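None of these values were measured; they are calculated from a predicted model. Numbers for residues simply follow the sequence, beginning at 1. Computed from heavy atoms alone, side chains included, the values below leave out hydrogens, waters and symmetry copies.
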Amino acid sequence: MFTYLKLKNFKSFGDIEFNFKRTSSETKKLVVIYGENGIGKTNFVTAYVFLMDSLFSMYFREKAEKIMDNLSKDDKESIKELNFLFDQIDLTKKIEDIRMIGNDEDTEIEYGFEINGIEGNYKIVLGDNDKIKSEKLYYQVEKNRGILYEINQKDKDIEKKLNEKIFFGKEYKDELMSDIDKYWSKNTFLSIILKELEEKNEEFIQNNIKTNLFDVMDLFMSLSVVYRNSPIKVTRKQISPKNTILQKIDEGTINKNKVNILDKYRYVLKDFFTQAYSDVKDVYYETKTNNKNDIYYKLFFKKKINGNLIDIDYKKESSGTRKILNQFNYIIGSLWGSTVIIDEIDNGIHDLLMKAIVESIKDEITGQLIITTHNTLLMETLDKQDIYIIVSDYKGQKQVNCIDDYDIKIQKNNNIRELYLKGVFGGIPSVNMIDFTEIKEKINSKNQDKKGGI
């Protein structure tokens, strides 16, 4: 789980901290972030997208090289995949995208996390040349916590400090030092380690690196982000929830030995959709054997239409229903222990239905679910400690506040949603400032000027 996020000179954030601790020993499992349009909710999510991008850059490089070795001019699918991989390889473009425009100072990102009750942090500093300037991981070393590694760019030299209690294989440590000189600054050290995991066998790695480092990497790799501005990040296999079995909840292929998993998913989907939709009477998977080991599955709804029960292919369902299906696998991931971040979870889904979803899952989360939303109805069912609001002052400086941190005594009979809509907590648009009558008069005035030849 993630305990905090600190951002400095990151997109629209000058200096901000999101603190997800409920108490000194407890991290919040549900976090809901509000704010007016353009305030930076998606920028917050982008910080976690960057974490994954930085982690997988070397992995994608290796994969691209393997495809290029066997590429033919007529292999359109491989060319398409290659173009995707090249887009993921170049971390400098992604760094350029997240740095604050018009600011030459370093961009800093620090991710606080907790694994089995032990807290740590991972910090990256990005320079104005769109390269990594510093990278540090702090977590459990042996009985105590300490720095697992720290790498810094000093003029033309790279200072490398790998903790010998974590990296205890001397020859392999020297090999990693050499890889840092070759690849680091355009790739993170964690990305280099992930490349090593792909290339070398597990026994070799375990004989040279302590598992503490891989505990952190497992947390980062199990993170799932549904990110509206970049659909490829929603669907690519390596960021889907680690603890789920079906990569796609609506249609796909599964090993015949795991076909009973479909029954579990069907039960969950049927229970939800028959309660949420008045015309849905059943949800089921149609299956057929592809080969000896695999079974193809496809989701159908049984609906009451004009007095008749009709089987409906999921592809013919509304965009809102399909959106719920797309997000359901991620949401289930948070119920089974993964950290899931969803940007604009309410987009295209009815407010009351979204409220019902959150209300039904909030007490069942065993991992962590972090969402951004405009749906104020959710406030009526949320704990005030789980609600965050991003606000901006007249200088455009942003900060984020938890409802529980406001110096306002909120009685049990007070409605947090009503207080928010009244502007008590900030973070709402000033719609009364928009004078459409004046806008219309100006448009008409310009049209008259054009007719008059002015």
Side-chain angles (χ1 to χ4, degrees), residues 1-3 18 20 22 26-34 41 44-45 48 114 219 222-228 234 239-250 261-278 280 283 299 301 314 317-318 320-388 402-404 416-417:
M1 300 195 338
F2 287 89
T3 56
F18 295 80
F20 304 134
R22 186 176 295 276
E26 183 184 0
T27 303
K28 298 177 184 180
K29 294 181 178 180
L30 177 63
V31 173
V32 184
I33 300 174
Y34 287 88
K41 296 186 298 299
F44 159 81
V45 176
Y48 289 97
E114 176 190 343
L219 171 67
S222 67
L223 172 66
S224 301
V225 179
V226 181
Y227 178 57
R228 64 182 176 83
V234 177
I239 68 165
S240 60
K242 185 179 180 182
N243 294 329
T244 57
I245 303 299
L246 300 182
Q247 291 297 334
K248 292 186 67 179
I249 201 168
D250 43 29
I261 295 297
L262 290 175
D263 292 331
K264 294 182 180 180
Y265 272 76
R266 175 180 178 259
Y267 174 80
V268 172
L269 293 172
K270 179 182 177 180
D271 188 51
F272 171 75
F273 281 102
T274 54
Q275 291 185 60
Y277 288 63
S278 60
V280 175
V283 178
L299 187 68
F301 290 82
Y314 80 92
E317 280 294 335
S318 68
T321 300
R322 293 199 305 273
K323 182 177 175 66
I324 292 173
L325 286 172
N326 289 337
Q327 293 184 357
F328 224 90
N329 224 21
Y330 294 92
I331 292 173
I332 289 175
S334 72
L335 304 186
W336 290 348
S338 293
T339 295
V340 178
I341 301 173
I342 302 178
D343 187 29
E344 293 196 0
I345 192 172
D346 55 307
N347 188 21
I349 302 175
H350 195 285
D351 286 0
L352 289 172
L353 183 54
M354 193 71 253
K355 181 183 177 184
I357 293 173
V358 172
E359 195 164 31
S360 64
I361 67 168
K362 66 175 184 176
D363 295 326
E364 306 299 326
I365 298 170
T366 61
Q368 189 175 36
L369 179 62
I370 302 173
I371 63 176
T372 72
T373 183
H374 291 289
N375 187 342
T376 58
L377 282 179
L378 299 182
M379 290 181 168
E380 297 180 353
T381 189
L382 295 170
D383 189 309
K384 63 181 180 179
Q385 291 190 0
D386 298 333
I387 304 172
Y388 289 74
C402 177
I403 291 289
D404 199 42
I416 293 177
R417 177 174 179 255

Rounded distance (nearest 0.5 Å) linking atom CD1 of Ile33 with atom CZ of Phe20: 5.0 Å
Ile345 CD1 to Ile370 CD1 distance, which is reported to the nearest 0.5 Å: 12.0 Å
Inter-residue atom distance Glu344.CD - Lys41.NZ, 0.5 Å rounding: 6.5 Å
Side chain proximity check, Met354 to Leu377, heavy atoms < 4.5 angstrom: no
Spatial distance of atom CD1 (Ile249) from atom CD1 (Ile332) [nearest 0.5 Å]: 4.5 Å
Met1 versus Gly367, closest heavy-atom pair with distance: SD-O, 3.2 Å
Over all atoms of both residues, closest heavy-atom pair of Thr3 and Glu114: CG2-CB, 3.7 Å
Close side-chain approach of Leu382 and Ile403, heavy atoms under 4.5 Å: no
Side-chain touch Leu269/Leu325, heavy atoms, less than 4.5 angstrom: yes
Tyr388 ring center within less than 6.0 Å of Phe18 ring center: no
Nearest atoms (heavy-atom pairs only) where Gln368 meets Ile365: N-CG2, 3.9 Å
Verdict with reasoning, Arg22 to Asp386, per side chain to side chain contact (heavy atoms under 4.5 Å, CB included): CA-CA 9 Å; Arg22 186 176 295 276; Asp386 298 333; 2.7 Å; yes
Any Ile324 side-chain heavy atom under 4.5 Å of Leu353 side chain: yes
Ring geometry between Tyr48 and Phe44 (parallel below 30°, tilted from 30 to 60°, perpendicular above 60°): perpendicular
Polar side-chain atom of Lys355 near backbone of Glu380 as donor-acceptor pair, under 3.5 Å: no
Ile331 side chain near Ile342 side chain, heavy-atom distance below 4.5 Å: yes
Closest contact, heavy atoms only, Ser334 versus Val340: N-CG2, 3.7 Å
Heavy-atom donor-acceptor pair, Asp250 side chain to Leu299 backbone, under 3.5 Å: no
Shortest non-hydrogen contact between Thr27 and Phe2, atoms and distance: CG2-O, 3.5 Å
Rounded distance [0.5 Å steps], CG in Asp363 versus CG in Leu335: 11.0 Å
Side chain to side chain, Val32 and Met379, heavy atoms closer than 4.5 Å: no
Residue pair Val280 / Phe273: nearest heavy atoms and the distance that separates them: CB-O, 3.8 Å
Thr321 vs Tyr277 side-chain heavy atoms within contact, under 4.5 Å: yes
Stepwise side chain to side chain contact (heavy atoms under 4.5 Å, CB included) check, Val268 with Phe328: CA-CA 10 Å; Val268 172; Phe328 224 90; 3.7 Å; yes
Sub-4.5 Å side-chain heavy-atom contact between Phe272 and Val283: no
Spatial distance of atom OG1 (Thr366) from atom CD (Glu364) [nearest 0.5 Å]: 9.5 Å
